[in-house]
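Just the heavy atoms: all of them, side chains too, but no hydrogens, waters or symmetry mates, feed the values below.
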Amino acid sequence: MANFGGMAVARAMVSELREFAAGAGFRGVDGDEELSDGWSTLYYTDQPDGGAAALARRTGAPVLTVAYLDSDVGFVEAATFAGGHWRALLNRKTAVGYDIPLDRFPVEPALVGALDWSQAGGLTAEPDGIRAALTGSEAFAETLADRLLGALGIAPGAGGGENP
C-alpha cells in the first residue's frame, strides 16, 4: 500500500469536510468517501499539527485523523468540539521496528478517550473492538484504522468515494 498520507473522519458532508480541511491546513486532499449516518472520510497527503482539534472546531463535531507511516503504522489523533482529545498508535508491534516509543501511546487512556469521543458523536462503541484495534497487528495499518472506526460505531458507507 505504501501510504504516507492520512485520513480524516468527521460527521459532515464530503464537500463541507473538504472546505473545512482546507481551512484547517490539510494539504493534498486526493480522495473522499461518504460513510453512514452523515459521516465522511477525506484522504490527504499532509495534515498540520493539531489537525484533528482544528477540524473539530470547524465542523462542530468529533474528528478522528490517522497519519500513516508507509502503511506500516498509524498515528491516531481525535478531538471533539468541546475540547476532548485522545491519541493512539496503530500496529504497535511494527512501530517497534521504527523505534517509536510505545510508552508515548498508552492503550488505556486511548480506550477511555475513544469511548468518550464515540459518545460525543452520538455513536455506540464496542470497547473490546476498540482495544483489539489499538493492540492488534496487521500487514497494513489501514486495516486497523477501519476496524477502529467500526468499533467506534462508524459503519462503512455504500462506497462510491475515492479511496487512494
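Under the salt bridge (Lys or Arg N to Asp or Glu O under 4.0 Å) criterion, the residue pairs touching residues 36-59 are Arg27-Asp46, with sequence neighbours excluded. Every pair tested for salt bridge (Lys or Arg N to Asp or Glu O under 4.0 Å) that includes a residue from residues 84-95 fails, sequence neighbours excluded, so the list is empty.
Annotation for Ala145 and Val66: closest pair CB-CG2, 4.4 Å, computed over non-hydrogen atoms. When all heavy atoms of Ala141 and Gly74 are compared, the closest pair comes out as CB-N, 3.6 Å. The two residues Ala52 and Val63 make their nearest non-hydrogen contact at O-CB, 3.8 Å. Closest of all the heavy-atom pairs between Ala95 and Leu102 is CB-CD2, 4.1 Å. Of all heavy-atom pairs spanning Ala151 and Gly129, the tightest one is CB-C, 3.4 Å. Of all non-hydrogen atoms in Thr80 and Ala120, the two that sit nearest each other are CG2-CB, 3.8 Å.
Placement of Trp39 and Met13 in two distinct hydrophobic clusters is found when ILVMFWY residues are connected by side-chain heavy-atom separations under 4.5 Å, directly or transitively. Grouping the Ile, Leu, Val, Met, Phe, Trp and Tyr side chains by contacts below 4.5 angstrom, directly or via other members, places Leu148 with Val107. Hydrophobic clustering of Ile, Leu, Val, Met, Phe, Trp and Tyr side chains at less than 4.5 Å, counting indirect connections, keeps Phe105 apart from Val112.
Note that the CG atom of Leu55 and the CG atom of Leu42 stand 7.5 Å from one another [nearest 0.5 Å]. If you take CD1 on Ile154 and CG on Leu35, they are separated by 7.0 Å, rounding to the nearest 0.5 Å.
Contacts of Arg131 classified as salt bridge (charged side-chain N to carboxylate O under 4.0 Å, His left out), with partners at least two apart in sequence or in another chain: Glu108. Every residue two or more places apart in sequence or in another chain was checked for a salt bridge (charged side-chain N to carboxylate O under 4.0 Å, His left out) with Arg11, and none qualifies. Judged as a ring pair (Phe, Tyr, Trp, His ring centres under 6.0 Å), and not counting sequence neighbours, Phe20 has no contacts. Annotation: salt bridge (charged side-chain N to carboxylate O under 4.0 Å, His left out) contacts of Glu77 (sequence neighbours excluded): none.
At a threshold of 4.5 Å between non-hydrogen side-chain atoms, the residues Ser40 and Asp32 do not count as touching. Asp146 has its side chain out of reach of Glu138: every pair of non-hydrogen atoms, C-beta onward, lies at least 4.5 Å apart. No side-chain heavy atom of Trp86 sits under 4.5 Å from any side-chain heavy atom of Asp116. Annotation: side chain of Pro48 is in contact with side chain of Phe26 (closest heavy-atom distance under 4.5 Å). Counting heavy atoms from C-beta outward, Leu69 and Ile100 have side chains that approach closer than 4.5 Å.
Residue Leu115 forms a side-chain contact (heavy atoms from CB on, under 4.5 Å) with just one option from Leu123, Ile130, Leu152, and that option is Ile130. The only option from Leu134, Val73, Thr135 that meets the side-chain contact (heavy atoms from CB on, under 4.5 Å) definition with Leu90 turns out to be Leu134.
Trp117 contributes a side-chain N or O that, together with a main-chain N or O of Ala79, makes up a donor-acceptor pair within less than 3.5 Å. With Asn91 contributing its side chain and Phe140 its backbone, the two residues share no donor-acceptor pair below 3.5 Å. With Thr124 contributing its side chain and Gly153 its backbone, the two residues share no donor-acceptor pair below 3.5 Å.
Residues Glu16 and Thr59 have side chains that never bring a donor and an acceptor to within less than 3.5 angstrom of each other.
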